[in-house]
Amino acid sequence: MKKGSVLVFGGAGYIGTHTVVELVGAGYGAVIADSLSNSEASAVEGVRRITGVDVPFEQVDACDEKALRGLFERYPFDAAIHFAAFKAVGESVDDPLKYYRNNLTSFMNLCSLMREFGRPDILFSSSATVYGEADVLPVTERSPRMPATSPYGKTKQVAEDILHDCCAAYAGMRGIALRYFNPIGAHPSALIGELPRGVPQNLVPYITQTAAGVRPCLSIFGNDYDTPDGTCLRDYIDVVDLARAHVAAVERMVQGRMKSSYEVFNIGTGRPVSVLELVEGFEKANSVEVPHKFAPRRAGDVPAVWADTELAAKELGWQAERPLEETLRTAWAWEKHLRGME
Ligand code: NAD
Ligand code: WQD
C-alpha cells in the first residue's frame, strides 16, 4: 500500500529526480511536474529506470495557473514539493525580473492552489544563501538571515516569508523550508545527476568537466581567505542524502508530527571542507588529475559557511551518511556517463 502521494514541481531537475527516487523507494507515489526549462525528459526516464515505476510526468510551467489547476484536479496528492526555480546566481543579477517572476510566481501559484484545494502540506527548497555572511559558524536555523547578495537569494528569503505567512494565516496549511547547503554528487547508478548548462558556475561540475578534459583548468577563486588553507569553506551535501531529507520532511508533515505550522531545517553535513580539500579529495577518490590554479576571489563569495545539523537530526531523524569520497566518485561516474566515457 502506498503511504501517500507527492506532487513534485521541478521534479525533473537535479535534486528533484533524486528526491522522487527516494520517495518511491520509501513507498510514496510521486508525480513529476516540470517545464523542462532547465532539465530534459531523459531525466524522468532515469528515474523510471532506477525505480522500476512508471512515474507520471506532466510538462507544466508552474507559473501557468490554469495548467497547474488542471494538475490539482487530476491528481489526488497529499503533499507538494517546490523545486521549480531558476538557480543561477550571476544570471539573477543580470536579469532579476526573470528570477522574481519565475521563482515567486510559481511558488505563489502553488501555495494558493494548495489552499484552495485543501491540500495542506508544502515543502520548499530553500538555501544556505539566506544566511549570507554569517557572524557565527556553524549557522543554526535561528541564525539571522542576512541581506541577500543576489536577486536569486532574495527569492529564497521572500518565498520562505510567503510560506511562513500563509501557514500562520490559513488554518490547516503546513510548510517546511529545507535550507540546503552545497548539494553535490549523483545517484550511484549514474542514471541521474546534475545537468549544468554552458560553463558551470558551481565547483563540482567544473571539477568533473576539467577532469574530463572539457575545461583546461579549474580556477580556485581566492587562496587568501582567513581559513586553514586560504580557500573558502563550504558544507558539501550528497544529493542522495539531501533527497532522503525530503522524505523525512514529507513524513513529518503528512503524519502530523510538526511542532508548528511552519518549520525550517538546515540540510548539510555539519562539516566544513575547503575548495582545495575538495579538489584534492576528488583527485584521490577517482585517481584522476584536475589541473588547477589559484585565481582572484569571486565577487559575492562568503569565506565560510557550514551547517549546524542538530535540529534536523533531532526533529527529522535525518543526518548525512555518505562519505565525501564516495560522493566524489558518484560525481565522476555521472560526468563519465554524460560524456560516454568508459
Ligand atoms: P534544477 O534546475 O536542476 O531543477 C529545477 C527544475 O525546476 C528544473 O527541472 C526546471 O526545468 C524546473 N523549473 C524551473 N522553473 C519552473 C517552472 N516555472 N515550472 C515548472 N518547472 C520549473 O535545480 P536543482 O539544483 O535541482 O534545484 C532545485 C531547487 O533547489 C531550486 O529551487 C534551487 O533554487 C534549490 N537549491 C538548489 C541548490 C543547488 O546548489 N543545486 C542549493 C540550494 C537550493
Ligand atoms: C563553492 C566554492 C567558490 C567554482 C552556490 C550558490 C548558493 C547555492 C549553492 C543555490 C566557492 C569555489 C567555484 C569554480 C571555485 N545554490 N569555486 N572555482 O557559491 O557556495 O553556492 O551554490 O541555492 O546559493 O551561491 O557554491 O559551487 O559556486 O562554490 O574556486 O570554478 O567553490 O569560490 O568558494 P556556492 P559554488
Side-chain angles (χ1 to χ4, degrees), residues 8-19 32-41 43-44 58-64 67-68 81-90 92 98-99 101-107 109-110 124-132 148-150 152-153 155-156 159 177-184 192-197 199-207 209-210 215 217-223 225 227 231-237 239 242-243 246 267-268 273-276 278-279 292-305:
V8 186
F9 289 95
Y14 173 43
I15 303 167
T17 45
H18 291 82
T19 299
I32 296 177
D34 201 297
S35 60
L36 301 184
S37 57
N38 196 39
S39 51
E40 290 173 11
V44 177
E58 298 275 353
Q59 188 167 353
V60 167
D61 185 335
C63 294
D64 178 348
L68 216 54
I81 307 182
H82 184 277
F83 292 110
F86 295 148
K87 62 169 181 177
V89 175
S92 80
K98 177 175 174 179
Y99 277 68
R101 187 180 295 122
N102 189 60
N103 296 7
L104 296 178
T105 308
S106 65
F107 189 60
N109 279 346
L110 174 64
F124 174 64
S125 291
S126 192
S127 168
T129 196
V130 302
Y131 294 117
T149 52
S150 70
Y152 167 76
T155 68
K156 292 297 170 195
L178 298 182
R179 291 177 178 158
Y180 316 154
F181 281 67
N182 289 59
I184 62 166
I192 52 172
E194 193 170 3
L195 277 182
R197 302 243 159 136
V199 181
Q201 303 302 305
N202 293 118
L203 180 59
V204 168
Y206 208 106
I207 288 176
Q209 290 195 7
T210 306
R215 315 267 156 217
C217 185
L218 167 79
S219 292
I220 294 182
F221 300 137
N223 63 340
Y225 285 101
T227 58
T231 67
C232 291
L233 298 172
R234 294 287 184 274
D235 185 333
Y236 296 96
I237 173 77
V239 69
L242 171 60
H246 292 76
I267 304 297
V273 172
S274 79
V275 177
L276 203 52
L278 197 83
V279 174
H292 55 274
K293 61 174 189 220
F294 293 117
R297 292 180 178 196
R298 183 171 73 175
D301 273 341
V302 301
V305 63

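Counting convention: from 1, in listed order, for ligands and their atoms alike.
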Do me a favour and list the nearest non-hydrogen protein atom to [atom] with residue, atom name and distance?
atom: atom 7 (O) of ligand 1; answer: Gly10 CA, 3.3 Å
atom: atom 3 (O) of ligand 1; answer: Tyr14 N, 2.8 Å
atom: atom 11 (C) of ligand 2; answer: Arg234 NH2, 3.9 Å
atom: atom 16 (N) of ligand 2; answer: Tyr152 OH, 4.1 Å
atom: atom 32 (O) of ligand 1; answer: Lys156 NZ, 2.9 Å
atom: atom 24 (O) of ligand 2; answer: Thr129 CB, 3.4 Å
atom: atom 27 (O) of ligand 1; answer: Ile15 CD1, 3.8 Å
atom: atom 33 (O) of ligand 2; answer: Asp301 OD2, 2.5 Å
atom: atom 15 (N) of ligand 1; answer: Asn102 ND2, 3.0 Å
atom: atom 15 (C) of ligand 2; answer: Phe221 CD1, 3.3 Å
atom: atom 2 (O) of ligand 1; answer: Asn38 ND2, 2.7 Å
atom: atom 19 (O) of ligand 2; answer: Arg298 NH2, 2.9 Å
atom: atom 18 (N) of ligand 2; answer: Ser219 O, 2.7 Å
atom: atom 1 (C) of ligand 2; answer: Tyr236 OH, 3.6 Å
atom: atom 5 (C) of ligand 1; answer: Phe83 O, 3.6 Å

Using a 4.0 Å cut-off to any heavy atom of [X], which atoms of ligand 1 qualify?
X: Ser37; answer: 10 (C), 11 (O), 13 (N), 14 (C), 15 (N)
X: Ser39; answer: 8 (C), 9 (O), 11 (O)
X: Leu36; answer: 11 (O)
X: Asp61; answer: 17 (C), 18 (N), 19 (N)
X: Ser125; answer: 29 (C), 30 (O), 32 (O), 35 (C)
X: Ala62; answer: 17 (C), 18 (N), 19 (N), 20 (C)
X: Ala12; answer: 9 (O)
X: Tyr152; answer: 33 (C), 34 (O), 35 (C), 36 (N), 44 (C)

Record the part of [X] in heavy-atom contact with ligand 1 below 4.0 Å; permitted values are side chain, backbone, both and neither.
X: Leu195; answer: neither
X: Phe9; answer: neither
X: His82; answer: neither
X: Ser126; answer: backbone
X: Val60; answer: backbone

So which atom in [X] and which in [Y] form the shortest heavy-atom distance, rounded to 0.1 Å?
X: Asp235; Y: Phe181; answer: O-CB, 3.3 Å
X: Tyr152; Y: Ser127; answer: OH-CB, 4.3 Å
X: Ile220; Y: Val279; answer: CD1-CG2, 4.2 Å
X: Asn202; Y: Glu194; answer: OD1-OE2, 4.2 Å
X: Phe124; Y: Ala159; answer: CZ-CB, 3.4 Å

For ligand 2, which atoms sit closer than 4.0 Å to a heavy atom of [X]?
X: Val89; answer: 6 (C), 25 (O)
X: Val275; answer: 2 (C), 12 (C), 30 (O), 32 (O), 34 (O)
X: Gln201; answer: 4 (C), 28 (O)
X: Ile220; answer: 30 (O)
X: Cys232; answer: 34 (O)

From the candidates [options], the one that places a heavy atom nearest [atom]:
atom: atom 16 (C) of ligand 1; options: Gly13, Ala33, Ser35, Ala43; result: Ser35
atom: atom 8 (C) of ligand 1; options: Thr105, Ile81, Asp34; result: Asp34
atom: atom 24 (P) of ligand 1; options: His18, Glu58, Lys87; result: Lys87
atom: atom 36 (P) of ligand 2; options: Val279, Asn202, Thr227, Val305; result: Asn202
atom: atom 7 (C) of ligand 2; options: Ala88, Ser127, Ser125; result: Ser127

Quick check: does any side chain N or O of [X] sit under 3.5 Å from a backbone N or O of [Y], one acting as donor and the other as acceptor?
X: Asp61; Y: Cys63; value: yes
X: Ser106; Y: Ala84; value: yes
X: Thr231; Y: Val275; value: yes
X: Gln201; Y: Val199; value: yes

Select one of side chain, backbone, both or neither to describe which atoms of Asn182 lie under 4.0 Å from any atom of ligand 2, heavy atoms only. side chain
With a 3.5 Å cut-off and no angle check, do the side chains of Ser35 and Ser37 form a donor-acceptor pair? yes
Can you confirm whether the side chains of His292 and Thr210 place a donor and an acceptor under 3.5 Å from each other? no
Is there a side chain to side chain contact (heavy atoms under 4.5 Å, CB included) between Asn103 and Lys98 once you walk through the steps? CA-CA 8 Å; Asn103 296 7; Lys98 177 175 174 179; over 6 Å; no
Heavy atom of Arg179, distance to ligand 1 below 4.0 Å: no
Asn182: heavy atom below 4.0 Å from ligand 1, yes or no? no
Rounded to the nearest 0.5 Å, how far apart are NZ of Lys156 and OH of Tyr131? 14.0 Å
Find the distance between OG (Ser125) and CD1 (Ile267) and round it off to the nearest 0.5 Å. 11.0 Å
Test your reading of the structure: does Leu203 have an N or O sitting under 3.5 Å from an N or O of ligand 2? yes
Between Tyr180 and His246, does the ring centroid distance fall short of 6.0 Å? yes
If the plane angle is over 60° it's perpendicular, under 30° parallel, otherwise tilted; pick one for Phe107 and His82. perpendicular
Do Tyr14 and Pro183 have side-chain heavy atoms sitting under 4.5 Å apart? yes
